[in-house]
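Worksheet for the structure shown next.
Each ligand, and each atom within it, is numbered from 1 in the order the structure gives. The chain is numbered in sequence order, starting from 1.
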Amino acid sequence: MFKRIDLEKREDLLAPYAKKSKDSKGRLHKEPEHPYRSCYQRDRDRVIYSTAFRRLEYKTQVFVNHEGDHYRTRLTHTLEVAQIAKSIARALQLNEDLVEAIALAHDLGHTPFGHSGEDALREIMKDYGGFDHNTQGLRVVDLLEERYPEFPGLNLSYEVREGVIKHSTAYDLPRPSLPFEATASPLLEIQVVDVADEIAYDNHDLDDGIASRLIKEEDLKKVPLWEKEVKAIRKIYPHLKDEVRKYQIIRSLINAQITDILTQTDSNIKRHKIRKVSDVTKLPIRLVTFSKPMEELRKPMRAFLQKNLYQHYRVVRMSNKAHRFITELFNVYSDKPEQLPPSTHDRLKKEDKHQVVCDYIAGMTDRYALDEYKKFFEPYERV
Ligand code: MG
């Protein structure tokens, strides 16, 4: 039988700059180690069993859940991020368990209705401590999940918590991370999750954008990265059904971007003579990067998504509607916090009501928020 000690020994086969579970800086509240799971494997399992994780199923990525059954939700997005991140980590000989735990936790702080929900809470909370989904993710795993008699939250390892707060992509700005040691760069495992997030959403948004007909495939002809894959696929299979062809293009796009990350990161690691974890965290630049040519190719693709999907009038309408009713819900609760369910009453005695309302709304799924809205604003709806 494989014990935890054996698993930890097996990690000696990883790259010398991979974060080993036996070198973890540990948990906020001391706990005995598990007999047959490493600390990061245990963290991954804690994330999967959390309420916040299950709620991701009904939280918007781009398309609101009731718009269709086949679009990505935050849960399927999260699973795609974890899959891409693990493929990258495995090939680079990094700690796959740590990467998986961070990837599965990376969006736990997201509000209902994606970025419009977040924007609404950020505006409302600006005088009461602010709001952003990374800090909220840390609140979820450190405070809001109730599981253990001995401590609040999930009591995850330092590195997974650091991954949640330092998670940063073009849409995520990491906040000054006070409870964490200041480093020039995050661990390679954290950097891997960041790029995996970008690869996942760019590609699935193209996929969902076409499926929803908000994006027209012929318009994508102007996007060189897309066109390159279209031509390559057409050469091998000149007569594919539209649906299969689209899948094949997306598949090759993801593969091309992961391959590029792997070769560029490998060469970055060699060029900067990275030999241990502290070489990574002391270096003021990121090592897990796309090559310059791939970065140039990705720019028009992202600009295309921005213009044609995220700013599509129907997406903007939905976002604006969500912004409006999240704000109205906030006002209703904070005017009379007694309307909040009893589970919040203990916290209302100790904490600022705005923070309690903010946590309550941020935790909601899209459909729960819509149901609550109906209960408050539709006269014939039961409360
Ligand atoms: Mg994400």
Side-chain angles (χ1 to χ4, degrees), residues 43-44 47-48 50 52-65 71-89 98-119 121-122 131-141 156 159-175 177 186-187 189-209 250 253-254 257-258 261 286 288-290 298 301-302 305-306 309-310 315 319 322 362-366:
D43 289 352
R44 171 204 56 206
V47 169
I48 290 176
S50 68
F53 185 76
R54 284 195 299 281
R55 287 180 182 158
L56 295 175
E57 184 174 3
Y58 297 104
K59 289 196 178 199
T60 292
Q61 183 65 28
V62 172
F63 295 88
V64 175
N65 193 276
Y71 301 125
R72 267 69 172 189
T73 64
R74 248 187 223 278
L75 181 64
T76 60
H77 160 73
T78 294
L79 297 176
E80 290 182 21
V81 174
Q83 177 269 317
I84 292 171
K86 284 198 297 175
S87 294
I88 297 174
L98 174 56
V99 158
E100 186 176 23
I102 298 170
L104 293 177
H106 89 281
D107 269 354
L108 291 180
H110 264 289
T111 62
F113 301 106
H115 289 280
S116 48
E118 174 163 12
D119 290 343
L121 288 184
R122 188 184 296 117
F131 181 87
D132 75 273
H133 72 257
N134 288 337
T135 312
Q136 190 65 19
L138 194 66
R139 283 181 72 73
V140 169
V141 299
L156 302 180
E159 295 72 24
V160 178
R161 297 171 56 240
E162 191 181 35
V164 172
I165 196 87
K166 282 208 175 139
H167 169 70
S168 78
T169 62
Y171 299 103
D172 301 306
L173 296 172
R175 286 186 60 173
S177 35
L187 295 169
E189 282 80 359
I190 298 175
Q191 299 187 30
V192 164
V193 176
D194 286 347
V195 292
D197 192 22
E198 290 191 34
I199 295 175
Y201 62 64
D202 286 339
N203 291 286
H204 66 49
D205 289 352
L206 283 173
D207 192 2
D208 286 351
I250 302 277
L253 273 175
I254 296 175
Q257 290 171 76
I258 294 182
I261 283 284
R286 290 203 167 213
V288 184
T289 61
F290 291 106
R298 280 175 45 80
M301 176 180 74
R302 305 184 64 197
L305 278 169
Q306 195 53 254
L309 185 62
Y310 311 136
V315 175
S319 305
M364 290 179 181
T365 60
D366 295 6

Nearest to the Mg ion (ligand 1) - the N/O/S atom of Asp197, by atom name
OD1
Ionic contact status for Arg122 with Asp132, cut-off 4.0 Å
no
Answer yes or no as to whether an N/O/S atom of His106 is found below 2.8 Å from the Mg ion (ligand 1).
yes
Using the test side chain to side chain contact (heavy atoms under 4.5 Å, CB included), find all partners of Glu162 that sit at least two apart in sequence or belong to another chain.
Tyr158, Lys166, Phe180, Leu187, Ile190
Restricting to N/O/S, name the atom of Asp107 that gets closest to the Mg ion (ligand 1).
OD2
Partners passing side chain to side chain contact (heavy atoms under 4.5 Å, CB included) against Arg139 (at least two apart in sequence or in another chain)
Gln136, Leu143, Leu144, Arg347, Glu351, Gln355, Asp359
Lys/Arg-Asp/Glu bridge criterion (N-O < 4.0 Å) met for Arg286, Asp194:
yes
